[in-house]
Structures are given as structure tokens and as C-alpha cells.
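By convention in this document, chain letters (A, B, ...) are assigned in the order of the sequence lines, proteins followed by strands, and residues within each chain are numbered from 1.
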Protein chains: 2
Amino acid sequence: MTAPAYAKVKTQLLRRISNGRWRAGDRIPSEHELMREFGVARMTVGRALRELTDEGWLLRTQGVGTFVGGEPRAESHPVEIRNVAEEIAARGHAHRAEPVRLEEAELDDEVAAAMERASGERVFFSEVVHWEGDQPLQFERRWVAPDFAPDYLAQDFSRITPSAHLLKIAAIEAGEQIVRAEAADRRVAARLQVKTGAPLLVLVRRTWARGRVVSHARLFHPAQRFQLAGRFGDVK
Amino acid sequence: MTAPAYAKVKTQLLRRISNGRWRAGDRIPSEHELMREFGVARMTVGRALRELTDEGWLLRTQGVGTFVGGEPRAESHPVEIRNVAEEIAARGHAHRAEPVRLEEAELDDEVAAAMERASGERVFFSEVVHWEGDQPLQFERRWVAPDFAPDYLAQDFSRITPSAHLLKIAAIEAGEQIVRAEAADRRVAARLQVKTGAPLLVLVRRTWARGRVVSHARLFHPAQRFQLAGRFGDVK
DNA sequence: CAGTGGTCTAGACCACTCG
DNA sequence: GAGTGGTCTAGACCACTGG
């Protein structure tokens, strides 16, 4: 029932920051001092301090000390996004994927830059519409490195999502995501069954495996039917 | 120069997951086994496993074992957002805030729900336009609990941002953020100098302090001039 | 140099799950 | 009961910083 010691130390320290007893930039007591104050081992204090540092509350410098972090933390909210199929499943609806294009394509300048490859290089390209019940929720355009996924064009993307296929080949080691709003152009509008010019939420993703960009995707969502949510801290 | 032992263990384990040697759902060796295999103390293995768990690669259950995490991880990219003033400063541009409204207001049903307060209750309300050079980058509408920030209406929001004022009162303990796309209505369009109907990226935030919702904000951004970015893993 | 954080060890006790 | 993860201790060595 009782919280572990490192968690109690975290709570106490966090209280002193919230209180204003310790303010941004202040130096806080050393590990040895806190160890004596709370009557725990140094490793325990260390864990509390490390976690508070990871969470952005503290800044530590070896040989110098531990300091209360500045303002940046407060408006820095993580946003987590799952893949469409799960997103839809989590809401209790049926997911259906409709592949509308699957071919080899030449990289134009923009996509080539995103994939860190030469312009004109040939890669695999797919377009898939993801349906939530009878409404299109996402239109996915994806470029994939053939050396990473040689069987990409042979997949049935109504049965497995492109992202799931890539994951079966190897775990993704790193990723980047950009979130943008855009007005729908004619082609995308048609796929998502919205009017041309309607607002869309667009996710642009790049994923790395084995040290290279293996996939670049642009995911278009109708603004009325899609949003991203994120939290930090404990919302009581 | 050489990486700490816990980091080496992490790298090794991660490699086995990337390889496909361990697949999603597989049970991996126990801490005692890994301890013998790598020749390190159990605390060291423990730290490696804890961090991989925090990063989403592993799932652990006390009394049962440690398992390779499923697919969700791969498409789950955290997005970090800083406040506008910093964002603009980071790009090397001048930030200017223009307060356009600052008053007491009654909560309508929607905002009341967001703030977990009674409809009709009186709170403080502000509207501020944030400029990057000579272009408006954000139109901020904010509702604030008077019991938390009694001096809110007396602030000069051309000199301090609303969020900075709230932070000076107490640290934010928890937050929630929703990211949406919307078409600009007439009022917002005018403030952001875009056409009515133009796509906007909208952030809806709620922040908690002392266990209550203390602020609710809607931040409107012109789609052409604003996007959010996030990364995970090491992009080499 | 003394003080700091970063890491590590070899043990230990506990709560939990499963057969 | 045996095996698991979760935590904790009391020491230790190191790299780094500052005066």
C-alpha cells in the first residue's frame, strides 16, 4: 500500500518545487545531503533525482550540482499516437483498409530529400484508405525502401497494414513525426469524401531501421473525425 | 569513452528485438539469467530492463516475467511542444505579444466541462495574439481559475505571456493537450490575417495544479506557418 | 584538492504468480 | 514452494568541476 522510498523522495522534492520553496535555477542539496535527510541509501536518492531529471523538473551537471529546471518544461506536452487500425479498434469500431495504389515509383526531389536518397531513385509506393465503419478516417501515402522491404509490392494491404508489414521485417529504431494542418486538394478530398479545401490533420512520418530511412508516410485525416491527444503528469 | 554497463545491456537486448531473434510476445530471460550472461549485478540488469520498459520495448509482470512489447510502440511517436515565445526565439525571430481582450467572463457549457466547473461560474478570460516578426503566429484564447491566479486581470500580457504568469504562481503538475485541425472562423481568421475557412492547427490545453484544472487554452495557428515535430530513438 | 554526480556490486527482503 | 520482478542498502570507484 505504501509507496516505495524513491517515489516518496520524488513526491517530497516535487512539492518543494511546486511550493516555490525551490525556484527555477536554484541549486538543491546534494545526493549525500538528501540521503541523510531522508534516511535512505544514495542509490535511492539517485533514482528519484534521475527520474525527476528525465521528467524535466531538474537539471544535473556532474561535478557541479542539481538545479531546478526552468520554464520550458511546463508547456512541453508529449503526444502519443497509435496506428490507425488500433486507434479505430480502441474506439470499438471496425477497421477496413482499402489499397488504391501499389507500384514502383521514382522519387521526386521532395520525397528524395525526406528519404535521404537520390532524386529519381526507384522505390515502392502505396496508397491506402483506412475506413472506420463506413467513413474514411485516413488516406495513407507511403514510400518504402525496396532494399528494406523487397516483398512490399506483393502484400495484400487489405489484410495487413503497410506499417505492420514493415514491422514484421525489423523493429523500428527511430522515428520522426511532423503534425500539420492542410487544406484538402482534389485527389485527397475525393479519397476522404470531404470537400476540396476542407481542413485536414496531416502526419508526416519517417522511420529508421538499420541506420537508414526505410519509410516515409503522409497520413491525411479529415479534421472533423480525427485528433491527437497527449497528457503528462497525474491528472487526478 | 566506453558506455556504461546498463547501456551496453540495453543495446544488446534491443539488437535481439530488432533482429527478430526475440519477437513480439516472446518471453525473455529473467533478471538472474541475464545477470549471469552479461556478468553484471542484478541492479544493473534491472536498470536496463526498466528503461527499455519505459521506452515501450518490453512489458513486465511481477511474478511472471518480461516480454517483448507488441506493435503499438512502433507507431507511437512523442511530440514535444514548447510555448510560442520560446518557439519563435529558437528560430531567431522576434516575439511580440498583443493582448486584445482581458476580462471576467461566464463559463459556457463547453468550457465549464473542460474546466470541471459549474456552467455560469465566473472566471478570467484573455485573448492574445503572438507575433513572429510582422506575422501573427498564434491566437490564444485562455480561461483561468480566479482562485488560482487572482491577479490575472492586472497583468500586462505584452510583457509576460499568460502561461508564464501562471507558472510563476506554481508549477504545473499535469497537463493535457489535444491537437486538431479546424477551418478558421471569421473572428479568428481576422486575428491571424488569414482567409475565413483557411486551415488552422489548433492546440487545446488544460493544465492542473493543486489537483484542479487551473487553466484552459485554445491556441490557433495558421497552418502554413506552424507545425509540431517529434522524434523517438536515435536518428543517426 | 574536496565536492559533485554517474555508475556498479553483492547481497537482501518483499509481493506477486503459478503449478 | 520456486521463480519472478520491485526495491533497497552500504559500501565502492570513477569522471568531472570548481577554487
Protein-nucleotide distance ([X], atom [atom1]; [N], atom [atom2]), rounded to Å:
| X | N | atom1 | atom2 | answer |
| --- | --- | --- | --- | --- |
| F67(B) | dT4(D) | CZ | C1' | 10 Å |
| R60(A) | dC16(D) | CZ | P | 16 Å |
| R27(A) | dT17(D) | CZ | P | 14 Å |

Just so I know, are the side chains of [X] and [Y] near enough to count as touching, which here means a heavy-atom distance under 4.5 Å?
| X | Y | value |
| --- | --- | --- |
| V202(B) | L219(B) | no |
| V68(B) | I28(B) | yes |
| V111(B) | R218(B) | yes |

Under 3.5 Å, side chain of [X] to main-chain N/O of [Y], donor-acceptor pair present?
| X | Y | answer |
| --- | --- | --- |
| T161(B) | A164(B) | yes |
| H221(B) | L201(B) | yes |
| Q155(B) | Y152(B) | no |

- Query: Which comes earlier along DNA chain D counting from the 5' end, the contact point of P4(A) or that of H32(B), where each point is its nearest nucleotide?
  - Reply: H32(B)
- Message: Does anything in residues 34-52 of chain B come within less than 4.0 Å of DNA chain D? Heavy atoms only, and list the residues if so.
- Response: R42(B), M43(B)
- Item | Gap separating the OG1 atom of T44(A) from the CD atom of E31(A), nearest 0.5 angstrom |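 If we round to the nearest 0.5 Å, T44(A):OG1 and E31(A):CD are 10.5 Å apart.
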- Item | Positional range of nucleotides in DNA chain C within the contact set of chain B, heavy-atom, under 4.0 Å | dT7(C) to dT17(C)
- Write down the atom of S215(A), the atom of R142(A), and the distance for their closest heavy-atom approach.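 Distance-wise, the nearest heavy atoms are OG-NH1, 2.8 Å.
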